[in-house]
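In what follows, residues are counted from 1 in the order of the sequence shown. Everything numeric in this text was worked out from a predicted model, so none of it was measured.
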Amino acid sequence: MGEEASIAVVALVLQPPGAEEVPHLFVPPPNFAMVGCGLYRSGFPDAANFCFLTTLRLRSVLCLCPEPYPEENMEFLRENGIKLFQFGIDGCKEPFVDILEETICEALEVVLDVRNHPLLIHCKRGKHRTGCIVGCLRKLCWADGPYSAHVGFISPQLTPPLNLTLIKIR
């Protein structure tokens with residue numbers, strides 16, 4: 001596979017008469033996608049993505065990286081009233097590393113709690129760790145129909161464990 005193309009959207013914001021018109025770039029984070037209503041996934045966002053992220057009106061961010069969250073990102077979250085949930089899952093794929101069932105359950109509780117929506121789930125590249133959480137979410141919620149039809153009926157206060165049978169994710 002070759003380099004992945006980045007999408008940038010330019011929008012002109014209405015400004016007072018006489019003010020210089022400045023284009024704003026709306027650049028989504030790498031591997032950005034909508035998972036369901038008010039639920040998004042991506043790779044690690046940086047300053048170039050902040051303008052785009054404000055359009056999502058996020059209430060929460062779920063980070064799956066073990067490293068400390070960058071101060072620049074923390075400042076963005078504080079300025080926009082966004083709550084950070086962080087579950088440090090090792091990104092190493094080889095040798096295969098089992099993700100603890102408890103960690104998956106805790107992350108899913110955050111995702112399933114609609115009080116945290118709109119929510120962005122991300123890891124470094126938005127592929128493996130993020131894909132594991134989204135895959136478990138789909139297994140729980142999409143089995144009988146679309147996510148949006150179920151999320152309102154799921155108790156925001158789930159009791160662990162969620163009884164997931166496919167937790168040993170490789």
Side-chain angles (χ1 to χ4, degrees), residues 1-2 4-7 27-46 49 52-70 73 76-77 80-170:
M1 286 188 170
E4 294 178 13
S6 180
I7 298 172
V27 181
N31 297 313
F32 177 81
M34 183 179 198
V35 176
C37 185
L39 188 58
Y40 309 94
R41 64 177 288 168
S42 75
F44 211 105
D46 61 25
N49 311 127
F52 173 80
L53 292 177
T54 58
T55 67
L56 301 177
R57 299 177 189 244
L58 295 173
R59 190 175 291 165
S60 307
V61 167
L62 175 71
C63 176
L64 301 171
C65 300
E67 300 81 20
Y69 216 61
N73 290 49
F76 169 76
L77 297 181
N80 290 279
I82 300 170
K83 186 173 183 179
L84 174 66
F85 295 93
Q86 188 166 11
F87 296 93
I89 298 173
D90 185 18
C92 181
K93 293 183 291 184
E94 293 194 27
F96 292 118
V97 177
D98 290 335
I99 300 173
L100 295 175
E101 180 176 350
E102 181 180 322
T103 304
I104 294 289
C105 290
E106 289 173 2
L108 285 171
E109 284 184 28
V110 170
V111 174
L112 290 170
D113 188 341
V114 294
R115 295 173 295 181
N116 296 323
H117 293 193
L119 178 133
L120 173 69
I121 305 167
H122 78 80
C123 57
K124 186 172 182 177
R125 300 202 191 289
K127 294 180 180 180
H128 300 102
R129 290 170 280 188
T130 299
C132 288
I133 297 297
V134 172
C136 288
L137 177 68
R138 287 184 173 146
K139 180 73 175 161
L140 286 170
C141 299
W142 269 277
D144 300 319
Y147 174 75
S148 59
H150 290 277
V151 77
F153 300 103
I154 297 171
S155 170
Q157 301 300 334
L158 296 173
T159 55
L162 294 174
N163 196 19
L164 299 175
T165 56
L166 301 175
I167 291 302
K168 288 212 181 218
I169 300 169
R170 295 179 185 231

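In terms of modelled atom types and a separation under 3.5 Å, the side chain of T55 and the main chain of F52 share a donor-acceptor contact.
With values rounded to the nearest 0.5 angstrom, S42 atom OG is found 7.0 Å from L53 atom CG. Atom CZ of R59 and atom CG of D113 lie 9.5 Å apart (nearest 0.5 Å). Atom CG in L62 sits 5.5 Å away from atom CD1 in I121 (nearest 0.5 Å). In this structure, CZ on R125 lies 9.0 Å from CG on N31, to the nearest 0.5 angstrom. Remark: Q86 CD to L64 CG distance equals 9.0 Å, nearest 0.5 Å. Between the CD atom of E109 and the CG atom of N116 there is a distance of 11.0 Å, given to the nearest 0.5 Å.
Summarising the geometry of P45 relative to L120, their closest heavy-atom pair is CG-CD2, 4.4 Å, with the distance given to 0.1 Å. What you find for C65 and K124 is that their closest heavy atoms are SG-N, 3.3 Å. Across R129 and C123, no two heavy atoms sit closer than the pair NE-CB, 3.7 Å. Considering all non-hydrogen atoms of both residues, V111 and I133 come closest at CG2-CG2, 4.2 Å.
A 4.5 Å side-chain heavy-atom check between C63 and H122 finds at least one atom pair inside the cut-off. With a 4.5 Å cut-off on side-chain heavy atoms, L119 and Y40 do not count as touching. Between L112 and L140, some side-chain heavy-atom pair lies under the 4.5 Å cut-off.
Just one residue in the list D46, T54, N49 forms a side chain to side chain contact (heavy atoms under 4.5 Å, CB included) with F76, and that residue is T54.
Note on ring orientation: taking the six-membered ring where Trp is involved, the planes of Y69 and F44 are tilted (angle from 30° to 60°).
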